[in-house]
2 protein chains.
Amino acid sequence: MPRGRPGAPRSVTIADVAREAGVSRATASRAVNDSDLVTAETKRAVHEAIERTGFVVNARGRALATGRAETVGVLVTEPLDELFDDPTYGRVLRGVAEGLTGSGFLPVIIQASSESERALALRSFGRRSVDAVVHLTPYRGSDLLESLAGTGLPVVLCGQLDDSPYDGIFSTVYSDDVHGARLAAERVLADGRERVAVVLGPADNPATVDRRRGYAEVLGSRLDEARVVHTGWDTAAGLAATARLLKSHPDIDAVLAGSDRIAVGSLAALHAAGRQVPEDVAVVGFDGHAIAATSTPPLTTVAQPLVEEGHVAARLALDMIGGAAPRTEVLEMSLVSRVSA
Amino acid sequence: MPRGRPGAPRSVTIADVAREAGVSRATASRAVNDSDLVTAETKRAVHEAIERTGFVVNARGRALATGRAETVGVLVTEPLDELFDDPTYGRVLRGVAEGLTGSGFLPVIIQASSESERALALRSFGRRSVDAVVHLTPYRGSDLLESLAGTGLPVVLCGQLDDSPYDGIFSTVYSDDVHGARLAAERVLADGRERVAVVLGPADNPATVDRRRGYAEVLGSRLDEARVVHTGWDTAAGLAATARLLKSHPDIDAVLAGSDRIAVGSLAALHAAGRQVPEDVAVVGFDGHAIAATSTPPLTTVAQPLVEEGHVAARLALDMIGGAAPRTEVLEMSLVSRVSA
DNA sequence: CTGTTAGCGCCTTCAA
DNA sequence: TTGAAGGCGCTAACAG
């Protein structure tokens, strides 16, 4: 007969409340859950008993009885401390939290940047400590996704994978990079730019691939491969890459950047090279981060609906918990016009 | 008779394993938990049955039976997007995760930056969805701490409060700011600096108060109040404040900064004003962040043992879960000598 | 509308 | 060393 841990005073259970209110445990439970099978008067009596006893439902007991933990795990595989200069995940996270409010489900963030942390998280998921998993930072090539599928839990992926090997298994939400890139390219084209340079993030990144495709679709033959470069996602990388580009192709009149941080680097490189933005060279960023609004000059950029992505992820998770089949939602990007293009 | 949710196939329980292995549920349970009341042979049989059936313990059932969720909630009241701006929390978080490995407890991060999120988190804690709470960002003046105390859960505070109203209720771990500040002041003093300026963070911050006290203790009458200013924690604030200081007191020969980011701002202001660091002016930062190592020149700084703080927090939490009384641990800061002082 | 009854899945005491 | 039995705290089917 397990007695909680020794020393820990037995806490108030619904049986205590029932006794105190002079009703059965079932009725007390119904009152707690505000069922409308209970008289207003009985409810009042139970609530008074709750007041008097200081009762709080025990999540463990409820979870076992209902088969639900009322919890959504948010899996973050990037190390949180390395993530500090990329606001992307913070925004999506906020969206997930917002999307879950009112549902009775609590988002719990699970950091899983090391192999051992991943194993721990997986084990915990397998044991059904959460009702669904929102994976904020999915990537292929590990067996993490495979293991997640193995848990049988509802899983939502935030972000696009190369192809879609998990259609029908996971739900997915992502922003349409191809479309966003088209918007950027169309803008500089409409502006009469002729010699467009492209400074992208790492070549093996799916977002990079899609953005490049979007640019190419709109620019067509105007896109000279020699003016397309890949670099890191950050400002320093953008600066260096753009500076090099300006050496080899001094005549460029537009830069399509693969991220806002890259774009800010481009701005700096152009400034250093004595080019005026947007008079001599137009610059269009990608992401819609805060830094795009405060750069000099303020950056025209393709905004990803990150918070909305979180909202949708939450909805997908709730739907799957409710028994819905997995599905994929693609969100539209939008062009935010500022000064730089 | 509750049947889980409709549609959800009944999962494998320990009863299935027991049947499959031809033992009782009790024995199967013991084998699962590697009790040494079980023959090696029986264990093997059970594990084979587990293999065959694909059994995974259900956390909900176990939690109800043992009275433990095997989970430590890590409460973050700062908005997470800011968490990404300041590596401090990320480091402590890592420490907590490391400190918990091997304990069987999983850290789950709960974001509670809005009032409603706080309410949700508190409700969840009250329901015993976690076994302990590590509060990463405690501050006075809200009723959050009061409510946390009300849950009766073991709570660990990371960071020092103004006074100690929760001695004997919460455990606390923090780094000794007064001592750290003394180290910084002693350094510039030993260096023969005479006109020391102090650029602190917000005046109402407890860390600020303590750091100021530490500087004052060492500097004594050498600390001219007119050369002490308060500003924000970030680089831009540090730059502006230092620039102003250089206007009113052009003769300063040392800057004690309240954070590394402030110090980096000071470095920029000094550079802009044509001062050499450390020849003309010494600069000492505070925090020991990565930016201190990569600044120009590299920053001498007071390093907080953030990861260790996390380790200790985890230990305190585990101890309290085990029934230990709350206690407070104070960690020593250390001076990291680089070029700037 | 309320009470009775029977578990959810697991662990643990007790007796063998 | 193993099994039988009971209970952790709650909810839900069923009968009244």
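In what follows, chains are A, B, ... by sequence order, proteins preceding strands, each numbered from 1. The analysis underlying the following values was restricted to heavy atoms, covering all of them including side chains, and did not include hydrogens, waters or symmetry mates.
- Contacts between residues 19-27 of chain A and DNA chain C, defined by a heavy-atom separation under 4.0 Å, are made by A:Val23, A:Ser24, A:Arg25, A:Ala26, A:Thr27.
- Separating the CG atom of B:Asp16 from the P atom of C:dC8 is a distance of 11 Å, rounded to the nearest angstrom.
- Not one side-chain nitrogen or oxygen of A:Asn58 sits closer than 4.0 Å to the OP1 or OP2 atom of D:dC8.
- Atom pair A:Leu37:CG and D:dT11:C1' shows a separation of 13 Å (rounding to whole Å applied).
- Residue B:Thr39 is classed as a sugar-phosphate contact, given heavy-atom separations below 4.0 Å to backbone atoms only.
- Side-chain contact, A:Thr172 with A:Glu329: no donor N or O sits under 3.5 Å from an acceptor N or O.
- Here the C1' atom of nucleotide D:dA12 and the CG atom of A:Asn33 are 11 Å apart, to the nearest Å.
- A donor atom on one side chain and an acceptor atom on the other are found under 3.5 Å apart for A:Thr137 and A:Thr77.
- Atoms CD (A:Glu41) and C1' (C:dC1) sit 12 Å apart, rounded to a whole Å.
- Note on A:Arg30 versus A:Asp36: no salt bridge recorded, every NZ/NE/NH1/NH2 to OD/OE distance being 4.0 Å or above.
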- Query: For A:Leu153 and A:Arg128, what are the C-alpha separation, side-chain angles and deciding distance, and is it a side-chain contact (heavy atoms from CB on, under 4.5 Å)?
  - Reply: CA-CA 8 Å; A:Leu153 233 34; A:Arg128 293 291 181 278; 3.5 Å; yes

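- With respect to B:Glu70 and A:Arg127, a salt bridge is recorded, a charged nitrogen being found less than 4.0 Å from a carboxylate O.
- For the pair B:Glu70 CD and D:dC8 P, the computed distance is 20 Å after rounding to whole Å.
- With C:dC10, C:dC11, D:dA12 as the choices, the nucleotide that has an atom nearest any side-chain atom of A:Thr66 turns out to be D:dA12.
- Side-chain proximity of B:Ile14 to C:dC11, D:dT11, C:dC8: nearest is C:dC11.
- With hydrogens and angles left out, the side chain of A:Arg30 and the base of C:dG3 share a donor-acceptor pair within 3.5 Å.
- In this structure, A:Asp36 places its CG atom 8 Å from P of C:dC1, rounding to the nearest Å.
- Taking only side-chain nitrogens and oxygens, A:Arg62 never comes nearer than 4.0 Å to OP1 or OP2 of D:dG9.
- Side-chain contact, B:Arg118 with B:Ser147: no donor N or O sits under 3.5 Å from an acceptor N or O.
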- Task: May I have the step-by-step check of side-chain contact (heavy atoms from CB on, under 4.5 Å) for A:Arg60 and B:Arg60, ending in yes or no?
- Result: CA-CA 6 Å; A:Arg60 315 205 226 283; B:Arg60 314 205 225 285; over 6 Å; no

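- Counting heavy atoms from C-beta outward, B:Lys43 and B:Val32 have side chains that stay 4.5 Å or more apart.
- In terms of phosphate contacts, A:Thr13 brings no side-chain nitrogen or oxygen within less than 4.0 Å of OP1 or OP2 of D:dC8.
- In this structure, A:Arg60 atom CZ and C:dC11 atom P are separated by 14 Å, rounded to whole Å.
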- Task: Start with the C-alpha gap between A:Val173 and A:Leu331, add the side-chain angles, then the distance that decides, and say whether side-chain contact (heavy atoms from CB on, under 4.5 Å) holds.
- Result: CA-CA 7 Å; A:Val173 54; A:Leu331 305 180; 4.1 Å; yes

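- The neighbour count for B:Glu51 CD, taken as heavy atoms of other residues, nucleotides or ligands under 6.0 Å away, does not exceed 12.
- Following rounding to the nearest Å, B:Arg128 (CZ) and D:dC10 (C1') show an atom-to-atom distance of 16 Å.
- Within the helix from C:dC1-D:dG16 to C:dA16-D:dT1, the inter-axis angle between the opening and closing five-pair segments is 40°, rounded to 10°.
- Side-chain proximity of A:Val57 to the nucleotides D:dT11, C:dT2, C:dC11 is greatest for D:dT11.
- Using a 4.0 Å heavy-atom distance criterion, B:Val32 is classed as making no nucleic acid contact.
- Taking every side-chain heavy atom of B:Phe55 into account, C:dC10 is the closest of C:dC10, D:dG9, D:dT1.
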